[in-house]
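Accompanying notes for the structure given below.
Quick note: residue numbers are just sequence positions, from 1.
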Amino acid sequence: MISSPPRRPAALPLTALLAAALALTSCTPDPQGTTPAPGPGTDGTGGAGPGGGEGDTEPSALEVALGAPSEETRAAAAEAVAGMDTSEQAGQVLVGQLGAAGTDPASIQELNLGGVIVMGDAVPAAADGTDDVESLAARLEETQAALSAGRDWSGMVSVDQEGGLVARLQEPLTEWPTPMSYGAIPAGTDTGTGAGTDAGAELARAGHAGMGQELAELGFTVDFAPSVDVTIGAQDPAIGARSFSSDPERVATLGRAATEGLLGAGLLPAPKHFPGHGSVSTDSHVTAPVQESSLAELRQRDWLPFQELLAGDQYTPMVMMGHIIVPELEPEVPSSVSAPAYEALRGLAAPTDGAEEGATEGYDGVVVTDALNMGALVERYGADEAPVNALAAGADLLLMPSDLTGARDAITAAVDSGEVPAERLTEAAERVVTLLMWRDELAETLGQASEEEKAAAGVGPSDTNAAETSRAVSAASVTVVEGECSAPLVQDSLQVTGGTARDRARFTAAAEDAGLSVGSGPVVSLLGGAREPGQADVVVALDAPFGLASSLASDDGALVALYGRSPEAFAALMDVLTGEAEAPGELPVQVGEWPAGTGC
């Protein structure tokens, strides 16, 4: 094929694009590509983090704030909870879906609700079809005022915002590619910053910092992310491109970086979904998956990212428990209502290799359930039974019960009758209030910290160019699975098929911006589904790459994994199609006969 005619200036080299995007996170990773965790360790004893050891300088206020809650914070939370009656404690461990019964300001105060979660149907639309973020911010401000009325701490205003398919908020906020994008960036990619060679980890931190920054500006305090599930590939129906990789160590590294990014924006992250949703072949939104792997296998694969987060020197304030049945822990009982599952999770923080069954030492942060209105629980338990069982098993925060008032009353009755020990509810409420007080302290310290202090603590400056970072992620991850790696794949015009109308519109805009016409020439087929096959000159998988396994490209075409459908992703794709840039990515998971690591 011949090169395209003169058009826009040539694409920036990848190192220059990465350097520009990563300038916002002036942190220096360790030789393994992860930033040394700042502040005190996870044991809550106030031990020194980096810079706080013998012979080192004292940790800054920000480094201390990023560490575990202080004993003073824990004591203040215990005192606050001691002043609540049983019904108020029960409300404090509940998170309701904004817009559902019980989440209007008056009901929030009456229930003493711990927080709310914003789903897509609670996001108002602007006249142009984008999200009306100004109206949303006003509603969140009103909601937060109700949550924090009469308290010394703010409530939980949360959202599921991972990037890719799981994004409750979209335009005009920055759109992010799938989390799998970060896993497709080879660990040895030169960032051009002189700070290290793990561009995937650096961009995961920067990307989640940029995402968190925009959420925090709207009034959010929690993002239920990242997913640190280890995907098994095409047999995984629920996680797929929500997973960073099929490599547990890589998931651990990127999960840690993403967690750091959200914390640096002042948001509480919640790595999910223990005991691992990426290696089961059933979707817990519909029914309870059964994890048939042994505990030894789980520790080596699904549990490894959680263990490295909880047993490491980075403080992880919250973890999400999924609804997966693990017969070796407790047969026929979903993990969210299984005491052995909570014991196993908390035991991962013990300073040993693996956790013994029944271990109770270790992690003492908040464990939040996945949504209690999902099919995995609804098919087994009543609306008020599920939250009571989850609390009794070891959950601290109960997400989206079907009936908030019913859940509050059922918990109160269970405690009053002795079915659930009063100490269990008090423990859960104290952990939740400690978490919220700690976040307030962190947010205040972040607001006062200088750019130098943020950089020293591994936290990016506040003037994040999120769109530029999103573009850098896609440019560094786009993968040619089969076909020419450096030659142009199109001439001066092309055609586009597949995908959604918005996908095709965005593709067309990117092509025209690149100086191409759309309507004739090589055919580019966009695969909108995770396992959807295609046949064209060039086949592009937009989210998970599994459909490429049964797709066909022309002899001089290519099969491409893009891992996203944002405007920035299509711009990065166009640079590859026109030969302006070589696709640097590698498959982070096996696709058909192509093993993980396949790429240019």
Query raised in the report: Do Asp409 and Thr412 meet the criterion of a side-chain donor-acceptor pair at a distance under 3.5 Å?
Result: no

Query - Between Ser284 and His277, a side-chain donor and acceptor under 3.5 Å - result: yes

Report task. Starting at CG of Leu391, measure out to CD of Gln89 and round the result to the nearest 0.5 Å. Result -> 10.0 Å

Query raised in the report: Quick one: are Ser336 and Leu377 in side-chain contact, heavy atoms under 4.5 Å?
Result: yes

Requested in this report: Mark yes or no for whether Arg242, through its side chain, and Pro179, through its backbone, hold a donor-acceptor pair below 3.5 Å.
Outcome: no

Query raised in the report: What's the verdict on side-chain hydrogen bond (donor to acceptor under 3.5 Å, both in side chains) for Gln535 and Ser525, showing C-alpha distance, side-chain angles and the deciding distance?
Result: CA-CA 7 Å; Gln535 183 172 352; Ser525 177; over 6 Å; no

Query raised in the report: At their closest point, which heavy atom of Leu268 faces which heavy atom of Arg439, and how far apart are they?
Result: CG-CG, 3.6 Å

Requested in this report: Can you label the angle between the His208 ring and the Tyr182 ring as parallel, tilted or perpendicular, going by 30° and 60°?
Outcome: tilted

Query - Sub-4.5 Å side-chain heavy-atom contact between Leu66 and Gln314 - result: no

Query raised in the report: Under a 4.5 Å cut-off applied to non-hydrogen side-chain atoms, are Asp198 and Thr253 in contact?
Result: yes

Query raised in the report: Is it true that Glu162 and Lys272 have a side-chain N and a carboxylate O under 4.0 angstrom from each other?
Result: yes

**Report entry** Check: Val222 and Val159 side chains under 4.5 Å, non-hydrogen atoms
**Finding:** no

Query - Point-to-point distance, once rounded to the nearest 0.5 Å, from CG of Leu94 to CG of Leu404 - result: 6.0 Å

Query raised in the report: Which atom names give the shortest non-hydrogen contact between Pro588 and Met180, and what distance separates them?
Result: CG-CG, 3.4 Å

Query raised in the report: Is the side chain of Tyr363 donor-acceptor paired with the backbone N or O of Met318 at a distance under 3.5 Å, no angle test?
Result: yes

Query raised in the report: Just by modelled atom types, is the Gly534 backbone N or O under 3.5 Å from a matching donor or acceptor in the Ser551 side chain?
Result: yes

Query raised in the report: With distance as the sole test, does Gln161 use its side chain to make a donor-acceptor pair with the main-chain N or O of Arg168 at under 3.5 Å?
Result: yes

Report summary line: Nearest heavy-atom contact between Glu308 and Ala252 is OE1-CB, 3.5 Å

**Report entry** Exercise: identify the closest heavy-atom pair between Pro186 and Gly585
**Finding:** CD-CA, 4.2 Å

Query raised in the report: Tell me, do Pro545 and Tyr563 make a side-chain contact under 4.5 Å, heavy atoms counted?
Result: yes

Query raised in the report: Side chains of Ser566 and Glu175: is there a donor and an acceptor less than 3.5 Å apart?
Result: no

**Report entry** Flag for Asp247-Ser245: side-chain donor and acceptor within less than 3.5 Å
**Finding:** no

Requested in this report: Taking Ser477 for its side chain and Val473 for its backbone only, find out whether a donor-acceptor pair lies under 3.5 Å.
Outcome: yes

Requested in this report: Decide whether Ser279 and Arg301 meet the rule of one side-chain donor and one side-chain acceptor closer than 3.5 Å.
Outcome: yes

Query raised in the report: Does Pro275 offer a backbone N or O that forms a donor-acceptor pair with the side chain of Trp303 under 3.5 Å?
Result: yes

Query raised in the report: How are the rings of Phe274 and Phe306 set to each other: parallel, tilted or perpendicular (split at 30° and 60°)?
Result: perpendicular

Query raised in the report: Closest approach of Val251 and Pro305, non-hydrogen atoms and distance?
Result: CG1-CG, 3.7 Å

Report task. Consider only side-chain N and O atoms of Asp236 and Thr231, and report whether a donor and an acceptor are under 3.5 Å apart. Result -> yes

Report summary line: Between the CZ atom in Arg431 and the CD atom in Gln92, the distance rounded to the nearest 0.5 Å is 15.0 Å

Report summary line: Scanning both residues in full, the closest heavy-atom pair of Leu309 with Arg256 reads CD2-CA, 3.7 Å

Query raised in the report: Are the side chain of Thr287 and the backbone N or O of Asp283 linked by a donor-acceptor pair below 3.5 Å?
Result: no

Query raised in the report: Any sub-3.5 Å donor-acceptor pair from Asp131's side-chain atoms to Leu169's backbone N or O?
Result: no

Requested in this report: Calculate, to the nearest 0.5 Å, the distance between atoms CG and CE belonging to Leu345 and Met321 respectively.
Outcome: 5.0 Å

Query raised in the report: So does Arg205 pair up with Glu202, basic N to acidic O under 4.0 Å?
Result: no

Report task. Show the numbers, then the answer: is there a side chain to side chain contact (heavy atoms under 4.5 Å, CB included) between Leu573 and Val560? Result -> CA-CA 9 Å; Leu573 171 65; Val560 182; 4.1 Å; yes

Query raised in the report: If we ignore angles and hydrogens, is there a donor and acceptor under 3.5 Å between the side chains of Ser294 and Glu328?
Result: no

Query raised in the report: Is there a donor-acceptor pair closer than 3.5 Å between any side-chain N or O of His323 and the backbone N or O of Ala371?
Result: yes

Query raised in the report: Does the side chain of Tyr381 reach to within under 4.5 Å of the side chain of Pro334, using non-hydrogen atoms?
Result: yes

Query raised in the report: So, the side chain of Thr479 versus the backbone of Val481: is there a donor-acceptor pair under 3.5 Å, distance only?
Result: no

